[in-house]
Amino acid sequence: MKTKLFIVLLSLCSINYSQSYVDQDGIPKDSSYTVNGYYQKEFEKYPFIKIAKKNFNVNLKEEFNIIYRSLGTRNLKLDLFFPNTNEKKIPIVIFIHGGGWRSGEKSFQHPLANEVASKGFLCAAIEYRLSPEAKYPASVHDIKSAIKWLKKNASRYNADSSKVTLLGCSSGGHLAALCGVTDNILKFEATDSLLNISSKVNAVIDIDGILDFTHPAESGKDTSDLYPSVGKLWLGETYKENPELWIEASPLTYISENRPEFFFINSSIDRFHAGQDSAVVFFKKHNIYYRIETLQNTPHTFWLFEPWFITTIDLIVEFLKIKFD
């Protein structure tokens, strides 16, 4: 009976530890989070869903695998989508993929970035270091470096470096929020050649990403030393071992005056909105604009699938147009 119970509990674990590997460049990777894997997971409950695809658009240009940061022999890359012609400088939107700070890749954001770009934006889907390669705050440093690189090179794409939005999904939503509210905190900035460029952004679009690591939905997951939570794997210590670290990594900690506007696009699963109610209190206190849209009867990764993909695009573009037009 105990053996059967252990097998059941193991099958419910959020991480498949057997899917860690080293890629051809010697970089530790994890393949537990894939679009097709989530499709198979959600299809039983939502048999009508289809994986959203990146559509070819003759009016868009694409540039893939542009190096935005080098760390020795390790090159971090981004992919760009932007209109062929712009009558005026266009805003910048940076897309951050999810995967529990451990897995995923920038191509997961291509369908979203491609569609948003077609509405008049320079869209960048970025790579960043995940926990098998580097612990917190490495990914934060990477994302801020991407912000600075895009600001520095904005004129090359007729983009406006003063109009920048971070958009992230799941753990990418958390990272977008964390980077968005820590522009003036030195420990979150990479010490590289772009240090003199501000990482400040105008808006954050957080798609089902948490704001508070200390919420029981996150901090209470470490019940087994053999199977640590994705939070422990990214931060290096459990909440019980180092609660201050989990507080430090929570965007909620830094919501104060002069922070960017926030737009939350939520699934129907509450645990992915940890800290959102508390954040609203701070937004109101500091007179920060925010908006929350919850898509009813949706899985966590709704933005990857039709019929919710188009709705997500419409909401994103509506927010951006109001913000920057």
Next item on the list: Would you sort out whether V204 and F263 count as a side chain to side chain contact (heavy atoms under 4.5 Å, CB included), showing the intermediate values?
Entry: CA-CA 6 Å; V204 171; F263 182 26; over 6 Å; no

Next item on the list: List the steps, then state whether side chain to side chain contact (heavy atoms under 4.5 Å, CB included) holds for K29 with Q19.
Entry: CA-CA 8 Å; K29 296 285 188 179; Q19 293 180 310; over 6 Å; no

Notebook entry, point to check: Passes side chain to side chain contact (heavy atoms under 4.5 Å, CB included), L167 versus I316? Steps please.
Noted result: CA-CA 9 Å; L167 183 155; I316 292 168; 3.5 Å; yes

Next item on the list: Kindly indicate, with the supporting measurements, whether the criterion salt bridge (charged side-chain N to carboxylate O under 4.0 Å, His left out) is fulfilled by D142 and R69.
Entry: CA-CA 8 Å; D142 296 341; R69 188 181 189 202; 2.7 Å; yes

Next item on the list: Could you please spell out the steps behind the side chain to side chain contact (heavy atoms under 4.5 Å, CB included) verdict for S199 and K148?
Entry: CA-CA 6 Å; S199 65; K148 296 174 182 182; 3.9 Å; yes

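With no hydrogens or angles considered, no side-chain donor-acceptor pair links K89 and S162 at under 3.5 Å. Checking K41 against N36 by side-chain atom types alone, no donor-acceptor pair falls below 3.5 Å. Side-chain atoms of Y33 and E105 include no donor-acceptor pair closer than 3.5 Å. Neither side chain, E42 nor T301, offers a donor N or O lying under 3.5 Å from an acceptor on the other. Donor-acceptor pairing under 3.5 Å is lacking for the side chains of N297 and S268. Between the side chains of S20 and R102, at least one donor N or O lies within less than 3.5 Å of an accepting N or O.
Ring planes of W308 and F48: perpendicular class, angle over 60° (limits at 30 and 60°). Using bins of under 30°, 30° to 60° and over 60° for the plane-to-plane angle, the ring pair Y239/W246 lands in the perpendicular bin. In this pair, W234 and W101 present their aromatic rings parallel. The plane angle is below 30°, not in the 30 to 60° band. In this structure, F283 and Y290 have parallel ring planes: the angle between them is below the 30° cut-off, well short of the 60° mark.
Residues R129 and L76 form a side-chain contact, since some pair of their non-hydrogen atoms from C-beta on lies under 4.5 Å apart. Residues D79 and H110 have side chains in contact (heavy-atom distance under 4.5 Å, counting atoms from C-beta outward). Put simply, the side chain of K54 reaches to within 4.5 Å of the side chain of E62, judged on heavy atoms. Counting heavy atoms from C-beta outward, Y136 and L245 have side chains that approach closer than 4.5 Å. Between K144 and V140, the closest side-chain pair of non-hydrogen atoms falls below 4.5 Å. Annotation: side chain of Y254 is in contact with side chain of F188 (closest heavy-atom distance under 4.5 Å). For the pair L150 and V164, the minimum side-chain heavy-atom distance is 4.5 Å or more. Counting heavy atoms from C-beta on, the side chains of R74 and I27 come closer than 4.5 Å.
Proximity of the aromatic rings of F108 and Y38 is defined here by a centroid distance below 6.0 angstrom, and this criterion is not met. Note: F81 and F64 meet the aromatic proximity criterion, with ring centroids under 6.0 Å apart. Checked against the 6.0 Å centroid criterion, the rings of W303 and F95 do not qualify as a close aromatic pair.
The side chain to side chain donor-acceptor pair (under 3.5 Å) search around T312 returns none, not counting sequence neighbours.
Between N266 and the choices H300, Q276, Q296, the side chain to side chain donor-acceptor pair (under 3.5 Å) rule is met once, by Q276.
The distance from the CG atom of L60 to the SG atom of C123 is 8.5 Å, given to the nearest 0.5 Å. Summarising the geometry, atom CD belonging to E248 is positioned 9.0 Å from atom CG belonging to L235; distances are rounded to the nearest 0.5 Å.
Salt bridge status for K323 with E261: present, with a side-chain N to carboxylate O gap under 4.0 Å. Salt-bridge check for R291 with E318: passed, with a basic side-chain N closer than 4.0 Å to an acidic carboxylate O.
The minimum heavy-atom distance between I92 and D160, with the atom names listed, is CD1-O, 3.8 Å. When all heavy atoms of L175 and S139 are compared, the pair lying nearest together is CD2-OG, 3.7 Å.
Residues I51 and L304 share a single hydrophobic cluster, defined by chaining ILVMFWY side chains whose heavy atoms lie under 4.5 Å apart. F324 and F262 are not part of a single hydrophobic cluster, where members link through side-chain heavy atoms under 4.5 Å apart.
A donor-acceptor contact shorter than 3.5 Å is absent between the side chain of S170 and the backbone of G172. Judged by distance alone, the side chain of Q109 and the main-chain N or O of I96 form a donor-acceptor pair under 3.5 Å. Here the side chain of N86 pairs no donor or acceptor atom with the backbone of K88 at under 3.5 angstrom.
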